[in-house]
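Letters A, B, ... mirror the listed sequences (proteins, then strands); counts begin at 1.
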Amino acid sequence: MSKPVIEVTDLVKTYGEGEATVHALAGVSLIVERGEYVAIMGSSGSGKSTLMHILGCLDGPTSGRYRLDGVDVSDLNDQQLALVRNRRIGFVFQAFNLIPRTSALANVELPLAYAGMKAGPRRERAMAALEMVDLGNRADHDPNQLSGGQQQRVAVARALVSEPALLLADEPTGNLDSKSTADMLSVLDRINREGRTIVLITHEDEVAAHARRIIRLMDGQVVSDTRKAPRYAAEVPSWA
Amino acid sequence: MGLTEIFKFALRGVAANKLRSGLTMLGILIGVAAVILLVAVGNGSRVAVEQSLQNLGTNTLTVTSGRQIRSSTYSTELTLSIVDALKDRNAAPDVKSVSPIVQSQQTLTVGDTDHTTPVIGTTTDYLGASNSKVAQGEAFTADDYAKAGRVLVIGATTASELFGADDPIGRPVSVGGQIFTVIGVLEKKGSTGFNDPDDTALAPLTSVQKALTGYGPVNAITIVAVDADSVTAAQAEVTAILNTKMHVTSTTNTPYQIRSAAQLLATRTETAQTFTTLLGAVAGISLLVGGIGITNIMMVTVTERTREIGIRKALGAPRRVILTQFLLEATLLSLVGGVLGVIGAFIGANFQITGITPVIVPSSVGLALGVSIAIGLFFGSYPASRAAGLRPIDALRYE
């Protein structure tokens with residue numbers, strides 16, 4: 001059995017000091033195996049975004065351990081973390097976060113450029129990723145010439161172009177209409193069928209319905225963890 | 001990631017917001033151009049003064065009468081007999097020519113046009129002594145001098161003021177009510193920036209005294225030494241003759257002043273240098289203000305892109321790559337703006353500014369360019385390094 005993609009143990013994250021201390025995460029432990037499709041749900045302030053940012057190595061925990069693909073990321077320095085974000089994680093934001101005034105293709109090429117790939121193959125890979133999200137014909141468009149749904153698909157293409165082990169999506173459909181939401185979900189379903197691990201945050205039940213495992217957070221702690229028709233029955237986490 | 005690759009990123013970053021990049025470059029351009037041009041104007045006036053004084057000739061001495069000495073019972077005026085004494089080859093072997101000058105401000109009238117100018121009554125030697133040349137017509141002759149002929153040689157400015165584009169030769173001019181005939185026009189000398197040497201009129205000393213001033217003492221005597229090396233010797237000889245003729249006993253308290261063109265050059269150059277320093281100070285202030293402008297625009301430009309830096313970090317951009325990109329962008333903006341500023345200054349220096357032709361000082365180009373680029377680089381890369389040091393999530397949350 002391969003190592004779990006995500007293995008967090010007793011993760012704590014606090015903001016502020018003294019009286020004003022806020023415990024965003026109060027001891028979260030979690031294992032996500034390769035190929036899983038996990039939805040994290042919870043009301044606002046439950047700590048789901050904080051958890052997501054730590055999982056994406058965008059933020060560090062106050063205490064606790066996080067192993068990504070078996071590597072303890074809390075031991076890594078700034079440069080190594082950049083490498084981890086570049087190679088192992090694809091991140092999709094609620095606000096799309098495409099680089100403005102830069103074409104869709106150039107946006108998708110960015111992670112490959114930072115990985116040091118040459119311009120020729122980089123272009124091919126980026127083009128392939130855009131075609132995967134049905135935006136091959138919009139490669140030259142700047143973000144402001146694209147609809148919200150198209151921008152989010154560009155963001156997904158950018159997250160996947162470096163073929164990361166893990167796709168993290170922070171409310172990817174939060175800013176989309178129902179049609180674009182449906183498009184986005186079908187893209188995610190397809191990616192998951194291809195074997196990619198997906199962890200997403202949502203508070204919409206219809207989005208969560210696509211996931212095969214739903215984790216609910218409240219006040220910085222996991223309150224429920226349910227699976228629908230587990231694909232890998234043998235991989236029930238040992239702590240569950 | 002290679003440097004050329006990052007350079008392409010930087011180019012794309014500069015091109016992505018053309019208006020913002022353009023304004024940043026404009027700020028640097030104006031700062032650099034203003035400093036170079038201001039210093040060039042100051043320097044230009046200094047060069048102009050030097051040149052115009054050099055036109056006077058460096059072997060000339062000017063004797064002017066000073067204050068009267070009360071204790072002396074002798075005349076201390078510059079009379080024509082002193083002039084004759086100075087012409088004595090034995091007493092003053094280093095003196096080439098002596099030109100007495102009677103100068104008075106007169107109104108010249110031609111038809112309905114009148115113009116007030118200094119009229120100089122002198123001898124035929126004066127043209128050579130004052131480095132003047134006749135461009136049109138001819139100079140007055142020894143014969144005119146002897147007969148006190150009513151002839152006038154006018155400067156280029158005076159000619160255009162009185163006659164416009166018409167040919168002034170042979171035309172009568174009323175000088176203080178007396179009719180003179182224009183026989184020549186002097187070659188243009190050009191402005192010194194302080195007064196116009198072309199606004200003048202020359203006539204034989206005899207006729208000026210007869211018609212206008214009366215037979216009093218002369219205002220000044222222009223003396224030309226044999227060559228530049230004998231100026232000091234000529235000055236000593238002239239001093240000796242003047243002391244004898246005026247019965248001067250104390251050498252510290254003479255009733256006359258002798259100034260050489262070289263001394264005049266030194267004082268005028270000093271004045272011009274003060275002027276340049278003043279303009280330099282103004283330029284320094286504008287460089288400071290320009291620098292603050294560049295600082296401001298660079299800080300805003302980069303701070304505004306903190307979020308973009310967050311996105312790049314989230315995609316796995318190493319700190320070094322982000323820093324290099326922003327440093328290159330700042331370099332591009334500063335360098336292009338600065339070089340355009342230098343080009344602008346060089347173009348601007350071809351035009352006269354308040355009558356002064358600017359002369360560019362090479363060190364001011366280096367200083368203006370260096371300071372602007374240094375400021376641009378520092379304040380372009382400092383906020384970028386601050387943003388690149390943030391955790392991605394903090395940079396992303398930045399509003």
Item checked: Most contacts with chain B, counted as non-hydrogen pairs under 4.5 angstrom, among A/Asn86, A/Val84, A/Asp78 ->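 Maximum pair count with chain B is reached by A/Asn86.
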Checklist line | Options A/Asp142, A/Leu81, A/Ile89, A/Leu110, ranked by heavy-atom pairs under 4.5 Å with chain B, top entry | finding: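 Most heavy-atom pairs within the cutoff with chain B belong to A/Leu110.
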Measuring heavy-atom distances to chain B, does [X] have an atom under 4.5 Å in its side chain, in its backbone, in both, or in neither?
X: A/Leu98; value: backbone
X: A/Arg87; value: neither
X: A/Asp59; value: both

Should the heavy atoms of other residues, nucleotides or ligands under 6.0 Å from [atom1] of [X] be counted, would the total exceed 12?
X: A/Met218; atom1: CE; result: no
X: B/Glu270; atom1: CD; result: no
X: A/Asp10; atom1: CG; result: yes
X: A/Glu194; atom1: CD; result: yes

How would you list, in number order, the residues of [range] that have a heavy atom less than 4.5 Å from chain A?
range: residues 303-316 of chain B; answer: B/Arg307, B/Glu308, B/Ile311, B/Arg312, B/Lys313, B/Ala314, B/Leu315, B/Gly316
range: residues 19-37 of chain B; answer: none
range: residues 388-398 of chain B; answer: B/Arg391, B/Pro392, B/Ile393, B/Leu396, B/Arg397

Checklist line | Exercise: identify the closest heavy-atom pair between A/Ala82 and B/Ala317 | finding: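 Scanning both residues completely, I find the closest heavy atoms to be CB-O, 4.0 Å.
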Checklist line | With sequence neighbours excluded, residues passing ring pair (Phe, Tyr, Trp, His ring centres under 6.0 Å) with B/Phe379 | finding: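 Partners of B/Phe379 by the ring pair (Phe, Tyr, Trp, His ring centres under 6.0 Å) criterion come out as none, since no residue qualifies.
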